[in-house]
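Since the structure is predicted, the reported quantities are computational estimates derived from the model, not experimental observations.
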Amino acid sequence: MASMDLVQRWVALAGAETRRLGADLVARYGEEHRRYHNREHLTVVLDLVDELADHAADADAVRLGAWFHDAVYDPERADNEELSARLAERMLTDTDLPPAMIAEVARLVRLTITHAPEPQDSNGQVLCDADLAILAASPTDYAAYASAVREEYAFVPEEFFTTGRAEVLTSLLALPVLFQTPAARERFELKARHNLETELTLLRAQSPP
């Protein structure tokens with residue numbers, strides 16, 4: 001989706017008076033160092049939130065959470081989600097959104113650290129499912145995703161990246177379920193686990209004995 005179309009999508013959600021905030025967010029997702037966590041990823045997540053919206057208690061809060069979930073993204077930092085949540089709190093304070101909704105948006109952003117929402121957290125389930133849907137992509141698209149993530153971490157030596165990536169994949173596979181909403185679980189769960197296991201096998205094959 002073109003940057004202008006994304007700005008229009010933000011305006012439709014948050015109001016014309018917040019256009020400047022939407023343009024700022026779109027610019028952030030267009031930063032040069034982003035290879036996966038970019039405007040295309042944002043668009044996919046927003047589309048999936050729309051598809052799963054009936055499951056959410058407050059779909060617009062989830063949409064705002066999607067907009068902010070990778071608003072700050074520096075692969076050399078470990079606190080991107082926290083910084084993104086703080087950015088949401090700061091930027092949304094300049095709107096007429098109620099404080100409770102702003103707090104919910106920030107909570108949802110912080111939830112993407114673990115992708116492990118509580119059983120009763122329908123908003124969190126929708127956002128996490130939309131964010132993780134790439135894991136269930138076709139083999140070709142999944143390989144492109146994995147390659148893009150590696151490009152974002154190009155500054156990390158291969159040995160350390162392989163170890164760290166394997167830890168991430170192992171932790172995801174250890175979750176009781178990857179997808180929380182019934183629709184996403186039926187559509188994505190088995191494909192995602194297959195992709196994760198395949199990538200983990202390849203990573204282990206690359207590791208020195």
Are Leu172 and Phe161 joined in one hydrophobic group, where the rule is that I, L, V, M, F, W and Y side chains link up if heavy atoms are under 4.5 Å apart? yes
Okay, side chain of His194, backbone of Lys191: is any donor-acceptor separation there less than 3.5 Å? no
Looking at Phe179, I'd like to know if the NZ or CZ of Arg187 sits under 6.0 Å from its six-membered ring centre while staying within 45 degrees of the ring's axis. no
Side-chain heavy atoms nearer than 4.5 Å, only ILVMFWY residues, links allowed to pass through others: does that put Leu132 and Leu127 together? no
Could you report the tightest heavy-atom contact between Ala116 and Cys128, atom names first, then the distance? N-SG, 4.5 Å
Heavy-atom nearest pair, Tyr142 first then Leu196, reads OH-CD2, 3.6 Å
Search all heavy atoms of Ala85 against all heavy atoms of Ala106 and return the closest pair with its distance. CB-O, 3.7 Å
Rounded to the nearest 0.5 Å, what's the gap from CG on Asp47 to CG on Leu52? Could you check? 11.0 Å
Expected output: side-chain Asp129 to main-chain Gln180 donor-acceptor under 3.5 Å: yes
State plainly whether the residues Asp5 and Arg39 are in salt-bridge range, i.e. N to O under 4.0 Å. no
Do Asn195 and Leu135 come within less than 4.5 Å of each other through their side chains, counting heavy atoms only? no
Exactly one of Leu97, Leu108, Thr95 clears side chain to side chain contact (heavy atoms under 4.5 Å, CB included) with Leu64, and that residue is Leu97
Is the number of heavy atoms from other residues, nucleotides or ligands under 6.0 Å of Leu190 CG greater than 12? no
Please state whether the rings of Trp10 and Trp67 are parallel, tilted or perpendicular, taking 30° and 60° as the class boundaries. perpendicular
Would you give the length of the straight line joining atom CD of Glu158 to atom CZ of Arg165, rounded to the nearest 0.5 angstrom? 12.0 Å
Gap between atom CD1 of Ile102 and atom CG of Leu92 - 0.5 Å precision: 5.5 Å
When rounded to the nearest 0.5 angstrom, what distance separates CG in Leu202 from CD in Glu199? 7.5 Å
Could you pull out the closest heavy-atom pair between Ala130 and Val49, with the gap in Å? CB-CG2, 3.8 Å
Look at the rings of His33 and Tyr73 and say which category their plane angle falls in: under 30° parallel, 30 to 60° tilted, over 60° perpendicular. parallel
Donor-acceptor pair, side chain of Asn123 and main chain of Ala56, under 3.5 angstrom: no
Of all heavy-atom pairs linking Leu42 and Ala66, the shortest is CD1-O, 3.5 Å
Less than 4.0 Å between a side-chain N and a carboxylate O, is that true for Glu197 and Arg193? no
Charged N to carboxylate O under 4.0 angstrom, Arg107 versus Glu118? no
Linking I/L/V/M/F/W/Y whenever any side-chain heavy atoms sit under 4.5 Å apart, do Val156 and Leu200 land together? yes
Between Thr112 and Asp131, do the side chains contain an N or O donor and an N or O acceptor separated by less than 3.5 Å? no
Over all atoms of both residues, closest heavy-atom pair of Val105 and Ala61: CG2-O, 3.8 Å
Counting only heavy atoms not in Phe160 (residues, nucleotides, ligands), do more than 12 fall under 6.0 Å from its CZ? no
Answer with yes or no whether the hydrophobic clustering places Leu83 together with Leu21; edges join I, L, V, M, F, W, Y residues whose side-chain heavy atoms lie under 4.5 Å apart. yes
Could you go through Phe188 and Thr181, starting from their C-alpha distance and side-chain angles, then the distance that decides it, and tell me whether this counts as side chain to side chain contact (heavy atoms under 4.5 Å, CB included)? CA-CA 10 Å; Phe188 298 136; Thr181 64; over 6 Å; no
CG on Leu173 to CG on Leu178, rounded to 0.5 Å: 7.0 Å
Could you give the distance from CD (Glu152) to OG (Ser147), rounded to the nearest 0.5 Å? 10.5 Å
Mind checking whether Leu87 and Leu13 sit in one hydrophobic cluster, side chains of I, L, V, M, F, W, Y counted as touching below 4.5 Å? yes
So that I can tick it off, tell me whether Asp50 and Arg63 are bridged by a salt bridge, with the cut-off set at under 4.0 angstrom between side-chain N and carboxylate O. yes
Assign the ring pair Tyr145 / Tyr36 to parallel, tilted or perpendicular, where the plane angle (0 to 90°) is split at 30° and 60°. perpendicular
When you measure from the side chain of Arg35 to the backbone N and O of Glu32, does any donor-acceptor pair fall under 3.5 Å? yes
The residue among Arg185, His55, Gln120, His115 that forms side chain to side chain donor-acceptor pair (under 3.5 Å) with Gln125 is His55
Please tell me if the side chains of Arg77 and Val72 come closer than 4.5 Å, counting only heavy atoms from C-beta onward. no
Glu104/Asp58 under side chain to side chain contact (heavy atoms under 4.5 Å, CB included): CA gap, chis, key distance, verdict: CA-CA 10 Å; Glu104 173 66 356; Asp58 186 343; 5.8 Å; no
Do Arg110 and Glu82 have side-chain heavy atoms sitting under 4.5 Å apart? yes
pair Leu6-Leu46: side-chain heavy atoms closer than 4.5 Å: yes
Chi angles and distances behind the side chain to side chain contact (heavy atoms under 4.5 Å, CB included) call for Leu169, Leu203: CA-CA 10 Å; Leu169 300 179; Leu203 287 172; 3.6 Å; yes
Is any side-chain heavy atom of Arg34 closer than 4.5 Å to a side-chain heavy atom of Asp70? yes
